[in-house]
Amino acid sequence: LQDSQEAILTAYEQNKIDNESGNLRILTGIPKIDQHITMKRGDFVGVLGYAGQRKSSLCRTIVYNAALAGFNTMHITFEQTLLEEQIMYALMHSHHPKFYGKPKPSKEKFDKGTQIPEEEDFIRNIVLPDLKNLPGKIGIFQPTGTATWPSVKAKAESENQKYPIDILFI
């Protein structure tokens, strides 16, 4: 470590340049992926696989972790409802390490309405209000009716005018 001062300072200077140019690396929060893939604003990254292979879960995790790191995200959902996605992000947030020692609500118990009172209070009084404190934004949009690529693109461009979108998850 003592011999790596130059490399550390060089890495910082590169990060500083990337940040100033809007080209800062977006980490997924998943170390195995971050070791092999570099994502930056404007990159096109496809996550491909068969039905049921957890592609949406992976992308949702990336979007959440990017927002934690201060990046602005937009999630356009076609499969789940807007409310279902909002619930998933809230439950993900309830498992953030800053809530160590607090109840860990599950999707199953949430869906069945069988959370214990401590879990209900934790979601209502701590997790949901704390979502406003994420350093980045998570915008969720569900197209109505028949969605076309031009309509999805128009929505993304409209939102990008309000806040610059670093990751767009469709």
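Hydrogens, waters and symmetry mates are skipped; everything else that's a heavy atom, side chains included, is used.
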(message) Going by ring-ring contact (aromatic ring centres under 6.0 Å, His included), name the pairs with one or both residues in residues 114-138, residues two or more places apart or in two chains.
(response) F99-F122
(request) Measure the spacing between CG of L91 and CG of D111 and express it to the nearest 0.5 Å. (result) 8.0 Å
(request) Test side chain to side chain contact (heavy atoms under 4.5 Å, CB included) on K104 and S94 and set out the steps. (result) CA-CA 7 Å; K104 299 297 179 220; S94 74; 5.7 Å; no
(message) So does L82 get a backbone contact from the side chain of Q142, meaning a donor-acceptor N/O pair under 3.5 Å?
(response) yes
(request) May I ask you to decide if P105's main-chain N or O and H95's side chain share a donor-acceptor pair within less than 3.5 Å? (result) yes
(message) Using 30° and 60° as the class boundaries, would you call the ring planes of Y89 and H75 parallel, tilted or perpendicular?
(response) perpendicular
(message) According to salt bridge (Lys or Arg N to Asp or Glu O under 4.0 Å), does anything in residues 134-145 pair up with another residue at least two apart or in another chain? List the pairs.
(response) none
(request) Go through the steps for D121 and E118 under the test side chain to side chain contact (heavy atoms under 4.5 Å, CB included), then give the verdict. (result) CA-CA 5 Å; D121 290 342; E118 291 83 9; 5.9 Å; no
(request) Among Ile, Leu, Val, Met, Phe, Trp and Tyr joined by side-chain contacts under 4.5 Å, find the other residues sharing a cluster with L48 and list them by chain and number. (result) none
(message) Suppose we screen for side chain to side chain donor-acceptor pair (under 3.5 Å). Which residues come up paired with T10, at least two apart in sequence or across chains?
(response) none
(message) I'd like to know if the side chain of Q35 reaches the main chain of K32, judged simply by a donor and an acceptor atom lying under 3.5 Å from each other, with no hydrogens or angles considered.
(response) no
(request) Measure from the side-chain N and O atoms of N72 to the backbone N and O of Y163, and report whether any donor-acceptor pair falls under 3.5 Å. (result) no
(request) Is it possible for you to say whether L168 and L58 belong to one hydrophobic cluster, with membership spreading through side-chain heavy-atom contacts below 4.5 Å? (result) no
(message) Return the OG1 to CZ distance between T77 and F169, rounded to the nearest 0.5 Å.
(response) 7.5 Å
(request) Can you sort out the partners of E85 under side chain to side chain donor-acceptor pair (under 3.5 Å), two or more places apart, ordered by chain and number? (result) R60
(request) Could you list the residues that satisfy salt bridge (charged side-chain N to carboxylate O under 4.0 Å, His left out) with K55, not counting sequence neighbours? (result) none
(request) Kindly give the cluster partners of Y100, where membership spreads through any ILVMFWY side chain lying under 4.5 Å from a current member. (result) none
(message) So I76 and P143, do their side chains get closer than 4.5 Å, heavy atoms only?
(response) yes
(message) I'd like to check the side chain to side chain donor-acceptor pair (under 3.5 Å) partners of N125; sequence neighbours left out, ordered by chain and number.
(response) none
(message) Run the side-chain hydrogen bond (donor to acceptor under 3.5 Å, both in side chains) test on D34 and T28 for me, step by step, so that the C-alpha distance in whole Å, both residues' side-chain angles and the decisive distance to 0.1 Å come before the verdict.
(response) CA-CA 6 Å; D34 290 334; T28 67; 2.8 Å; yes
(message) Membership question, hydrophobic clusters at under 4.5 Å side-chain separation (ILVMFWY): are L131 and M88 in the same one?
(response) no
(message) Hydrophobic clustering (ILVMFWY, side-chain heavy atoms < 4.5 Å, transitive) - are I167 and I165 grouped together?
(response) no
(message) Same cluster or not: V47 versus F71, using hydrophobic residues (I, L, V, M, F, W, Y) connected whenever any side-chain heavy atoms lie under 4.5 Å apart?
(response) yes
(message) If hydrophobic clusters are built from ILVMFWY residues whose side chains come within less than 4.5 Å, do Y64 and I37 share one?
(response) yes
(request) Could you list all the side chain to side chain donor-acceptor pair (under 3.5 Å) pairs where at least one residue sits in residues 149-158, not counting sequence neighbours? (result) T148-S151, K155-E159
(message) Working to the nearest 0.5 angstrom, can you tell me the gap between T73 OG1 and I140 CD1?
(response) 8.0 Å
(message) Test of understanding: with salt bridge (charged side-chain N to carboxylate O under 4.0 Å, His left out), list the residues that count as partners of K102, not counting sequence neighbours.
(response) none
(request) List for me each residue that meets salt bridge (charged side-chain N to carboxylate O under 4.0 Å, His left out) alongside E108, sequence neighbours excluded, and say none if there are none. (result) K112
(message) Nearest 0.5 Å, please: how far is OG1 in T81 from CD1 in I87?
(response) 7.0 Å
(message) Let me confirm one number: the NE2-CG distance from H93 to D130, rounded to the nearest 0.5 Å.
(response) 3.5 Å
(request) Evaluate the side-chain proximity of I138 to M74: yes if any heavy-atom separation is below 4.5 Å, no if none is. (result) no
(request) Under the side chain to side chain donor-acceptor pair (under 3.5 Å) rule, collect the residues that match up with T61, sequence neighbours excluded. (result) none
(message) Within this structure, what is the CE-CG distance for the pair M92 and L68, rounded to the nearest 0.5 Å?
(response) 8.5 Å
